[in-house]
Amino acid sequence: MTESTNSQRAAPPGENGAAPVNTPEGPVLEAPLTPPNPPNEKKVVRVGDRIFRTMATASGAFVVALIAAIGLFLLIRAIPALHANEANFLLSGRWETGDPEHLAFGIVDLAWITVASSVFALVLAMPVAAGIALFLTQYAPRVLARPFAYVVDLLAAVPSVIYGLWGALVLAPVLKPVAVWLNTNLGWIPIFGDGNVPADSGSNVFTAGIVLAVMILPIITGVAREVFARTPSAQIEGALALGATKWEVVRTTVWPFGRSGFVGGSMLGLGRALGETVALTVILSYTYEGPHYSIFDAGATFASRIALGSAEFNDNLTVGAYIAAGLVLFVSTFAVNALARWIESSSGRGKE
Amino acid sequence: MRTDTADIERPARTPAFQPLSLGRKVRNHAATTLFALAFVVAVIPLLWVLVTLVRRGLVPMLNADWWTHSFYGLLPNDFGGGIYHALVGTLEQTLVCALIAVPLGVSVGIFLIEYGRNSRLAKTTTFMVDILSGLPSIVAGLFIYALWITTFGFDRSGFAVSLSLVLLMLPVVVRVTETMLMIVPDELREASYALGVPKWKTIVKVVLPTSLSGILTGIILGLARVMGETAPLLILVGYSRAINFNLFDGPMASLPLTVYTARKTSTEAGEYRMWGAALTLVLLIMLINLIATLLSKLFAVKTK
């Protein structure tokens, strides 16, 4: 089967709800037929059918209810703590939850570290992921493309705690000179200025962002690969026939076709980076000093703050403070993921 | 001999094909090199992590006690001990998680493909499964904490961990079931209906067995994914250095939790245990991935 029939069959119109499948045999997305009911016969409804149908539908509804329950329970548990909060939840950088009588917590510092490390990771990972996806779909020999893709996917199989160890104990010492160099030579740019820990400490957003970039690489690459591979081969052949070089083919057909899908995949990666917990807990050192809005800041993200606080999970009000942080995280990842899906479904994916 | 074919046989020359200008050539080669380099950049951290793990973790693993003993009673400076307690915990927690997540996930997949096609509920469910697959693991842990421990009043236990892992495994199972059911050829279903077999029996006896190997592979990959999760464990169960078989009572170790906890013992022996546990965890996950690959090779889905 040629590539063009593959890509045509991959995307029948009106199939936005269904997950796309790509098999060597060519994707088959037609809806399974329901058993025909002859018009003159009375419709037979069997008990087994009814039970099975109810069970399947109920489990579908259960998943919907589950997401609602997550939001609801987090909200219910967060409200008492938010009432007892003596600081401004959205604008304060304090995090004092040891004494349930005098809770004072705010998320602004957590939000800065979370956003800084995730965005830094995204800036690093996006070009590399695009490069890998283009390499695997357009350049690598057919025989090697599959094992190569498998190697990249292996990055996703490594548990985050191990990335944390590697980042903190192996990568951070190697990065130290780089961090110091950036800090001394580019320190006049605010983002490379002095952080709240010395630049040579290694346990800062700089190291964390690089490790995060490695962790989200397979996610972005996976989506991008899928979209780039769907470029209609007629377009590619057309460009080649006009005398385009390989790079010009990529620039004029593959990239415009897959761009929005790639952006959607990057948003998925961002969602993953925002919620990453243990790697950051291990890498970032915790400091009580507020951030200096530099890439060499240390501190905690939403997720790592919760993980660090797990030892004091003994009072419902205290836990409520952490749950409030978790709720913010849940809402933001929900928004980012929903946006990612929306971009993907309204992109070249599934259109000719 | 005719002469009018000669023009066709002779390859076209300069006036037909202009040579590429230097700039285009350079840009083309630069792009090729850059894209290949991007791939190399991705491979470096993978190899680096694996080499680090093997170099630092292999020594403790080769100790005969490693697979049969726990860390019970070890002082910070004691070498020796083994990972058995964590292995027990990891296997129990993920197996119980699978027992809940697999039937539920397969059933959701059946709903999406066989019953709910294009219905409003199915679209909402697909969207929610997407959201669930992007759920941060720490939020899954917090939710189970708010539900199971704060609201229902149970203690922290290995079972609470299993519940939170269900949330993380469910989307994987749903996705793979959906994908596998979709490639079952309709002819099989039609043949079954033509014989008067009810729809539910068709699903159970025809559709599911046809896609079984694919679903199994997906389930095993899902297991590998949840096995390495650490974040929910931190808030849902205490760490124990002794062997605990009881999922419902008391602190329980598991491999990721052991790695995380051993990091705090900042002695040489603590590092030795930490890297040993880390390598064990990665080997276990690799082994499971390998099994999944073999399974999918052995029983590739038989479409016509």
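As a basis for the values below, the full set of heavy atoms in this structure was taken, side chains included, without hydrogen atoms, waters or symmetry mates. All chains are named by letter (A, B, ...) in the order of the sequence lines, taking the proteins before the strands, and each is independently numbered beginning at 1.
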Go through [options] and name the one with the most non-hydrogen pairs under 4.5 angstrom from chain A.
| options | answer |
| --- | --- |
| B:T293, B:L221, B:I131 | B:I131 |
| B:A231, B:P136, B:S119 | B:P136 |
| B:L53, B:L46, B:L104 | B:L46 |
| B:K201, B:R225, B:R27, B:E229 | B:R27 |
| B:N289, B:L234, B:D130 | B:D130 |
| B:M227, B:M274, B:E271 | B:M274 |

Side chain, backbone, both or neither: which part of [X] has an atom under 4.5 Å from a heavy atom of chain B?
| X | answer |
| --- | --- |
| A:V158 | side chain |
| A:L217 | side chain |
| A:V174 | side chain |
| A:V152 | side chain |
| A:T245 | both |
| A:V319 | side chain |
| A:I162 | side chain |

Which atoms of [X] are under 4.5 Å from chain A, going by heavy atoms: the side chain, the backbone, both sets, or neither?
| X | answer |
| --- | --- |
| B:I285 | side chain |
| B:L281 | side chain |
| B:M286 | side chain |
| B:T52 | side chain |
| B:L37 | neither |
| B:L142 | both |
| B:V204 | side chain |
| B:L236 | neither |
| B:A36 | both |
| B:V49 | both |
| B:W48 | both |
| B:I149 | neither |
| B:R263 | side chain |
| B:L167 | side chain |

Evaluate the side-chain proximity of [Y] to [X]: yes if any heavy-atom separation is below 4.5 Å, no if none is.
| X | Y | answer |
| --- | --- | --- |
| B:W275 | A:L165 | yes |
| A:L124 | A:I210 | yes |
| A:Y163 | A:L155 | yes |

Quick one: does [X]'s side chain have a donor or acceptor within less than 3.5 Å of a partner on [Y]'s backbone?
| X | Y | answer |
| --- | --- | --- |
| B:S192 | B:L188 | no |
| B:T151 | B:A146 | yes |
| B:T90 | B:L255 | yes |
| A:S118 | A:G271 | no |

Count the heavy-atom pairs under 4.5 Å between each of [options] and chain B, then report the option with the highest count.
| options | value |
| --- | --- |
| A:V282, A:T221, A:L136 | A:V282 |
| A:G48, A:A307, A:S304 | A:G48 |
| A:F330, A:F148, A:Y150 | A:F148 |

Over 60° means perpendicular and under 30° means parallel, so tell me whether [X] and [Y] are parallel, tilted or perpendicular.
| X | Y | value |
| --- | --- | --- |
| A:F52 | B:Y115 | tilted |
| A:Y139 | A:F135 | parallel |
| A:W255 | A:F228 | tilted |

Check this for me: A:R77, atom CZ, are more than 12 non-hydrogen atoms of other residues, nucleotides or ligands nearer than 6.0 Å?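 Counting neighbours around CZ of A:R77, more than 12 heavy atoms of other residues, nucleotides or ligands fall under 6.0 Å, so yes.
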Applying salt bridge (Lys or Arg N to Asp or Glu O under 4.0 Å), can you list everything that pairs with A:E248, at least two apart in sequence or on another chain?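 Expected list: B:R24.
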Show the nearest heavy-atom pair for residues B:G196 and A:R46, with the distance to one decimal.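 Shortest heavy-atom separation between B:G196 and A:R46 comes out as O-NH2, 3.7 Å.
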Identify the two heavy atoms, one from B:F35 and one from A:L134, that lie closest to each other, and give their separation to 0.1 Å.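 That would be CZ-CD1, 3.5 Å.
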In residues 53-76 of chain A, what donor-acceptor pairs under 3.5 Å come from side-chain atoms, sequence neighbours left out?
residue, atom, partner, partner atom, Å
A:T54, OG1, A:R50, O, 2.5
A:T57, OG1, A:R53, O, 2.7
A:S59, OG, A:M55, O, 3.3
A:S59, OG, A:A56, O, 2.7
A:S59, OG, B:S107, OG, 2.7

Please determine, by modelled atom types, if A:T318 and A:E312 share a side-chain donor-acceptor pair under 3.5 angstrom. no
Once rounded to the nearest 0.5 Å, what's the spacing between atom CG of B:L181 and atom CD1 of B:I113? 6.0 Å
